[in-house]
Amino acid sequence: MSTVSRRRAKRRARPRNSLRATFSGLAAIAEKPPMSNQKQPSQQKPAGNAPASAISPTRAENYPEWYQQVVRAAELAETSDVRGCMVIKPWGYALWENIQRSLDKMFKDTGHKNAYFPLFIPLSYFEKEAEHVEGFAKECAVVTHHRLKPGTKADGKQGLVPDGELQEPLVVRPTSETIIGASFAKWVESYRDLPLLINQWANVVRWEMRTRLFLRTAEFLWQEGHTAHATRDEAMEETLKMLEVYADFAENWMAMPVIKGEKTEGERFPGAVNTYCIEALMQDRKALQAGTSHFLGQNFAHASDIKFSDAEGKISHAWTTSWGVSTRLIGGMIMTHADDDGMVLPPRLAPSHVVIIPVTHKPETAQAVLDYCNRLAADLRKIPYAGRTVDVEVDNRDIRGGDKAWQWIKKGIPLRVEVGPRDMAEDSVFMARRDRAHKDKVAVKRDEFVATVTQILEDMQSTLFARAKAHREHNTKRIDSRAEFEAFFGAKQEEDGAAAAQGGFALVHYAPDRKVEDELKAKFAVTCRCIPLEGADEPGSCIFTGKPTTRRAVFAKAY
RNA sequence: CGGGGUGUAGCUCAGCUUGGUAGAGCGCUUGCUUCGGGAGCAAGAGGCCGCAGGUUCAAAUCCUGUCACCCCGACCA
């Protein structure tokens, strides 16, 4: 298109930026009875031009845009100049480090060891498992050259151009089953070498078409566990054990309730025999797959030739598993806990638990207040909490107190503590909790605050979980007919392009059927999230095909 | 890969139709007054107008090419 016509088109199509387009999933948030336990500050505008909420637009106005603004305002991450890639900023990375630390401990406690495998996977390795190839082929970054040279007229390029073509292209790992399988094949000879329980913390690349910070980026950080076992049962046990670890982590550390379940065929990991997952419900009532654990059978053992001799000297292929969670968990935390004022961090994973804001605008008391704050910080930092000690920021930056407080609100720090000359005189602090309204502040004696800080944090942790769980329950519905199902989710898109009703979790009798799933996905953007592992069997008949079933499955729109 | 759109200050954008030598808001810096919840006034810094060609006395603006990014679809932790 020429420059002219582009420009003209721009002028014609003026009413763009329908940023405020209303979001029909609004009810989910507007109602959200359990989400606001404190009395609202009755929407009265704070002094000046300050907006009613720190994040604009609000969740009800435009949820996807709200999400992006929270990521930005909380300084968790930003987009980079590299297509589809994000820069994880210190506050966001510290959150990831805390996720890593907590999960890593759980992996070690279940007998796993960390190792590191190459980023580059020879194409020939990748080709070994047919379904695996098919599943990932379309989203691979491929390294084809190993050198650069100055461009020439003949190349029609200036600057540097790739040179030195590789004999065999290298795939930038989208996942590591094949490269780790190659190592496992060498490491495993005897049944005495099994089980082999390995985990890797790494980055992976999947050349996604559409990206969203933390939820889907071309490069992301994750952990991938890979294990090999002598028997099918043992491998299956491992698969489910790690699913349990993920569920435990999600609920007890992230304060994000999850449903453990098994994926249907269409949603299975390419190359897996069974895929299990944890699924969470976000505030806009869309589901998020927050972690997966795969029983790989002997598929990859065959592909990579992972063989061992058993006690009788008979050679057989090992049974393998793989399981992973990624930086997507951070997206899940945002969409589970954050509000219209920004991020809300579950205390056990918060990069920092307490910010102390010295009120030092009177020069004569400034130093004394600051000293008092530093002593308070030092005392707090000695207190053990959630596998580390209480982390404290003393924010004595030379900026206005209001700005300072709001920055920390947006970052989601659990506790804000103001200390001014008046508080110091009474040996008390002025404390605000991020899970309550921002004006809801209480004076607490300093020693009492120090003595109860971990209790307060734990109370916040359980409050966040309870709210999220109530939200999920409020938006989970047992549905027994196709008509009801369709009404619950509505059309795929409204006429104006805005997202349609998100529905929530629908529990329906469903006999797995690829064709049904394809149709539901096309018409309603709804997918079968999983068949829950827990809960009693309940005979019924599939609402789509009438076939007999023994359990209900979970359907939802999903990220 | 299809369909649509956009590149101008750190950010969000105006200016382009009808060419005349660069604008606003926010942010940033400085000063004064404010200051226990997002301040006010004043001054200031900051731009190869995505890139390369072309037309013209003159190009952010017109023409040609090119690159990048965004949105919708297919795909997806």
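Order of the sequence lines sets the chain letters (A, B, ...), proteins ahead of strands, with each chain counted from 1.
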Point to revise | Parallel, tilted or perpendicular: ring planes of A:Phe300 versus A:Phe269, cut at 30 and 60 degrees | key: tilted
Check your understanding: Taking the P atom of each, how far is B:C28 from B:C11, in whole Å?
Key -> 15 Å
Practice item. Would you mind telling me which of B:A77, B:C70, B:C35 lies closest to the side-chain atoms of A:Arg83? Key: B:C70
Review point. Say you pick atom C1' in B:G73 and the same atom in B:C26; how far apart are they, in whole Å?
Key: 35 Å
Check your understanding: If you measure from the ring centre of A:Phe220 to the centre of the six-membered ring in the base of B:A77, is it under 5.5 Å, with the planes under 30° apart?
Key -> yes
Check your understanding: Does the side chain of A:His132 reach to within under 4.5 Å of the side chain of A:Glu177, using non-hydrogen atoms?
Key -> yes
Check your understanding: Distance between the P atoms of B:G46 and B:G38, in whole angstroms?
Key -> 33 Å
Point to revise | Watson-Crick or G-U wobble mate for B:C51, both contacts under 3.5 Å | key: B:G65
Practice item. Searching all strands shown, indicate the nucleotide that pairs with B:A42 (Watson-Crick or G-U wobble; both distances under 3.5 Å). Key: B:U30
Review point. What is the distance from CD of A:Gln407 to P of B:G27, rounded to the nearest Å?
Key: 12 Å
Check your understanding: With both distances under 3.5 angstrom, what nucleotide forms a Watson-Crick or G-U wobble pair with B:A14?
Key -> none
Revision key, fill the gap. To the nearest angstrom, the CH2-C1' distance between A:Trp406 and B:G38 comes to 7 Å
Study note, to complete from the structure: The nucleotide from B:C75, B:A77, B:G36 with an atom nearest the side chain of A:Gln289 is B:A77
Check your understanding: Does a side-chain N or O from A:Arg400 land closer than 4.0 Å to OP1 or OP2 of B:A39, or not?
Key -> yes
Point to revise | Atom P, compared across B:C72 and B:C32: separation rounded to whole Å | key: 50 Å
Check your understanding: Quick one: does A:Arg268's side chain have a donor or acceptor within less than 3.5 Å of a partner on A:Asn274's backbone?
Key -> no
